[in-house]
Amino acid sequence: MTIPSKKEIRDRIFKISSIVAMCILTITSTPAQKKESSVPFKKISPDLFGLFFEDINYAADGGLYAELVQNRSFEYSPSSKREWTPLTSWQYITPGYSYGSIRVETTSPVHPNNPHYVVLEVEHVGSEEKHTGPSGVGIKNTGFDGITIREGNTYHFSLFARQLTAEPIALSVSLQTPKGKILTEGSVRTSSRDWKKYTASLIASASHDTVSLVVMATTQGTLALDMISLFPERTFKNRPNGLRPDLAQALADMKPAFIRFPGGCLVHGDGLGNRYRWKNTIGPIEQRVEQRNLWGYQQTLGLGYYEYFQFCEDIGAKPLPVLPAAVSCQNSGGTWRIGGTGQRALPLEDMTEYIQEVLDLIEWANGAVTTVWGAKRAAAGHPSPFHLQYIGIGNEDKITPEFEERFQLIFDAVKAKHPEITVIGTSGPFPDGDDFTKGWKYADQHRVPVIDEHYYKEPDWMLKNLHRYDTYDRGKSKVYLGEYASWGNKMKNAISEAAYMIGLERNGDVVSMASYAPLFAKKEHTQWTTDMIFFDNTRICLTPNYHVQKMFSLNRGEVYFDQVITLHPGDSTLAASCVQNSQTGEVILKLVNAGSTSSVMKVNLAPFKKMNPIAEQVVLAAPADAENTLDKPDEITPVHTSFKVSHSFDYTTPPMSLTVIRIKTK
Ligand code: AHR
């Protein structure tokens, strides 16, 4: 006889108690209640609440990706953006009356994927007495709006160098305030006429928010430099090439079921050549293929597929990569609102190669180390599989015959080779209209298992559409609500989203996943005005929308119970749900009041026999126009208390509030 594990015992107890509760509910339902809902309970998706990450608003480089040097590989180019040059963010310096020269070259680079590098020629090193700090010929990087350092913290500097003259060349590396005060200094000495990586550790003697990195040759000679990098030692989980800890922790704290990446429109790209190609984003960072992103700034791709998958694993979220459907964004060459030159489709003769790229991703994520791509994952430091379960194909694409033909080829190939993978299709950027209708029609005809819906709307629309999914056909594709938000980050926006999310939970049998978008926005670089988390180099602001998402995500359940909470009839500003968590057996109530006055909700917990009367209560409440800002990030935060429950009680919800009540069952 096999002894069941603790988890199996818990699952069995949960199943039995759910069945008992369901029987009681059925028996105690009045005929009227039965008529309203013939299904008093239903299983809902365990993956319902997750995250959407896109490199928009400087979310990756200059944001979540902890690299402190901007344009570390001299790959900024005017063909990507008119005002860019390979020396953008860099300044040529010759302190102490030194003289020499700087130029950008491309012959024999560190790697062909990373063609540009600088050459410094040091003709004369001046005298140190004439200024503070060492003399020489060098370059200075101002980072992303300055480099922020903290006293006592260690920063890992690295660069690739190649001596072009016979003698070794000494390099001073320092972090300097705008007035030239050196807060930490190190040195390296070249020892090769081939490209070689050099490193130094710098410990900050003081905190400062806007230092520059200065790299200076202090002896005569000529040398080539590339991949000049500075990373804080403290990254999320101390991973090398890692993530900014406060931003990553804010996501970890939400315990999301999944993370969708790398976008958004960034996936299908600004023209076919700008598509996001996952293979360009793995391997040593000096070998990744940088490119401008659709949002108009550079992606180093230092935060690439390996880092995304690793982060998902680190926080227990399922990875959900979205790959282009071999067509470009229909707004290429324009903007999201105005539109551009239109969708471009990959020539059919290139599809075999592209389909292989999609299949290779699955092998890279899940394949044994003996497979070609599984071996690359192992070589990068992850021999065990990443357990990829979902992939998205396409993002908000215009549903044209060209799109459908290419989607079908990819979909068929994935189904044939990897029936274990769930493919998510797309239905355009709006909740209705031409692409929406065509996207759904295609999904029905071709039995696409899940379809991605996107919409950004006013709070009123959210409240008027609380029942959108009640009538969705359960026999058709499941829904992944991949991008949604009400336009704004005030309390009224967040609470309208909370009310809407009750509708997602109630329909968690057909809505299998949902993610608010976009996730991050850097101050002064915000391209999309409504975002979940705002930040600058030192601060982070969690919006009320973040708190709502977190309260739903931390309080997920796998069974939804109808008829537990009775609302004031006909009031569309009220919404409530009751779910049970299969891991803990806890019963979780969520009560939303998006109105301007308090409202009493009647709670009937009779079906749940053995409850602990002292429940946990979390309330998020604030005036409709209140918001959090970087200067005042804690105006709106959830308040945790306990609350006494009984089998039947009235609960008064405050105006503009979300309440979660979590009840332990015995
Ligand atoms: O979330 C911002 C953008 O909105 C996404 O890139 C795109 O998919 C949508 O239009």
Side-chain angles (χ1 to χ4, degrees), residues 53-56 59-62 64-65 67 71-77 79-81 84 86 106 109-117 160 226-227 229 241 260-312 319-329 332 344 346 350-365 367 372-377 379-382 386 388 391-395 410:
F53 179 89
E54 177 169 29
D55 188 6
I56 181 174
D61 290 290
L64 184 62
Y65 183 50
E67 171 66 81
N71 192 13
R72 65 183 176 193
S73 50
F74 307 100
E75 295 303 326
Y76 279 35
S77 131
S79 58
S80 295
K81 203 168 177 174
W84 279 353
T106 54
V110 172
H111 191 274
N113 288 346
N114 178 7
H116 297 87
Y117 57 88
F160 280 76
D226 203 356
M227 288 306 286
S229 166
N241 194 43
R260 172 210 181 114
F261 57 86
C265 286
L266 167 136
V267 168
H268 51 188
D270 188 5
L272 273 178
N274 191 244
R275 277 170 299 147
Y276 192 100
R277 312 289 296 272
W278 75 271
K279 286 185 183 176
N280 290 342
T281 78
I282 58 166
I285 53 171
E286 67 277 9
Q287 298 180 13
R288 299 187 187 180
V289 187
E290 291 196 7
Q291 67 178 13
R292 179 182 67 86
N293 78 17
L294 174 133
W295 300 105
Y297 59 94
Q298 189 81 343
Q299 306 168 85
T300 60
L301 301 169
L303 171 53
Y305 262 44
Y306 184 85
E307 291 74 21
Y308 282 127
F309 274 79
Q310 182 63 70
F311 181 53
C312 287
L320 165 45
V322 178
L323 297 143
V327 295
S328 69
C329 182
S332 296
R344 294 278 182 275
L346 198 66
D350 295 343
M351 281 304 290
T352 309
E353 196 185 334
Y354 183 63
I355 288 166
Q356 194 54 49
E357 185 173 320
V358 177
L359 297 175
D360 288 345
L361 173 65
I362 300 168
E363 183 175 293
W364 178 82
V372 173
W373 288 94
K376 290 189 201 287
R377 182 195 67 240
H382 203 287
F386 276 123
L388 179 66
I391 59 169
I393 301 293
N395 174 74
I410 303 167

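Using modelled atom types, no side-chain atom of E54 and backbone atom of R260 make a donor-acceptor pair closer than 3.5 Å. Checked by atom type and distance alone, the side chain of K81 pairs as donor or acceptor with a backbone atom of G296 at under 3.5 Å. Between the side chain of R377 and the backbone N or O of A380, no donor-acceptor pair lies under 3.5 Å. Side-chain N or O atoms of Q291 include one that pairs as donor or acceptor with a backbone N or O of N274 at under 3.5 Å. Judged by distance alone, the side chain of N293 and the main-chain N or O of D55 form a donor-acceptor pair under 3.5 Å.
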Verify side chain to side chain contact (heavy atoms under 4.5 Å, CB included) between V358 and I393, making sure each step is shown before the conclusion. CA-CA 9 Å; V358 177; I393 301 293; 4.2 Å; yes
For the pair L323 and V267, evaluate side chain to side chain contact (heavy atoms under 4.5 Å, CB included) and give the outcome as yes or no after the intermediate values. CA-CA 6 Å; L323 297 143; V267 168; 5.5 Å; no
Step by step, would you call Y276 with L294 a side chain to side chain contact (heavy atoms under 4.5 Å, CB included)? CA-CA 10 Å; Y276 192 100; L294 174 133; over 6 Å; no
May I have the step-by-step check of side chain to side chain contact (heavy atoms under 4.5 Å, CB included) for W364 and K376, ending in yes or no? CA-CA 7 Å; W364 178 82; K376 290 189 201 287; 4.3 Å; yes
Given the rule in the side chain to side chain donor-acceptor pair (under 3.5 Å) test, do S73 and E290 qualify, once you have shown the distances and angles that lead to the verdict? CA-CA 9 Å; S73 50; E290 291 196 7; 2.5 Å; yes
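Two rings, from Y308 and W278, have their centers 6.0 Å or more apart. Aromatic rings from F261 and F311 are positioned such that their centres are separated by 6.0 Å or more.
Scanning for side chain to side chain donor-acceptor pair (under 3.5 Å) contacts around S80 gives an empty result, with sequence neighbours left out. The side chain to side chain donor-acceptor pair (under 3.5 Å) check on D61 picks up T300, with sequence neighbours excluded. Here H382 pairs with F386 under the ring pair (Phe, Tyr, Trp, His ring centres under 6.0 Å) rule; sequence neighbours left out. Scored by the side chain to side chain contact (heavy atoms under 4.5 Å, CB included) test, P86 finds F74, V104, H116 as partners (sequence neighbours excluded). For Y354, there are no ring pair (Phe, Tyr, Trp, His ring centres under 6.0 Å) partners at least two apart in sequence or on another chain. By the salt bridge (charged side-chain N to carboxylate O under 4.0 Å, His left out) test, E307 pairs with R288, sequence neighbours left out. Among residues two or more places apart in sequence or in another chain, the side chain to side chain contact (heavy atoms under 4.5 Å, CB included) test is passed with S328 by L272, S332, R344. The side chain to side chain contact (heavy atoms under 4.5 Å, CB included) test applied to V327 returns Q343, A345, D397, F403, R406, not counting sequence neighbours. Residues that satisfy the salt bridge (charged side-chain N to carboxylate O under 4.0 Å, His left out) test with R72, not counting sequence neighbours, are E67. Evaluation of the salt bridge (charged side-chain N to carboxylate O under 4.0 Å, His left out) rule for K279 yields D360 as partners, not counting sequence neighbours. Scored by the ring pair (Phe, Tyr, Trp, His ring centres under 6.0 Å) test, F160 finds no partners at all (sequence neighbours excluded). In terms of the side chain to side chain donor-acceptor pair (under 3.5 Å) criterion, T352 has no residue partners (sequence neighbours excluded).
Atom CD of E357 sits about 10.5 Å away from atom CE of M351, to the nearest 0.5 Å. The SG atom of C329 sits 8.0 Å away from atom CG of N395, with the distance rounded to the nearest 0.5 Å. Here CG of N280 is found 7.0 Å from CG of L301. Values are rounded to the nearest 0.5 Å. I355 contributes atom CD1, which lies 11.0 Å from atom CG of D350 (distance to the nearest 0.5 angstrom). Here the straight-line distance linking atom OH of Y305 with atom OG1 of T281 works out to 7.0 Å at 0.5 Å rounding. Rounding to the nearest 0.5 Å gives a distance of 10.0 Å between SG of C265 and CG of D270.
Side-chain contact between I282 and W373 is present, with at least one heavy-atom pair separated by less than 4.5 Å. Contact annotation: the side chain of Q299 approaches that of L266 to within less than 4.5 Å [non-hydrogen atoms, C-beta and beyond]. Contact of the I391 side chain with the V322 side chain is not registered, since no non-hydrogen atoms from C-beta on lie closer than 4.5 Å.
Remark: the Y65 side chain and the N241 side chain contain an N/O donor-acceptor pair separated by less than 3.5 Å. Between the side chains of Q298 and W84, no donor N or O sits under 3.5 Å from an acceptor N or O.
Among all heavy-atom pairs drawn from F309 and P321, the shortest one is CZ-CG, 4.1 Å.
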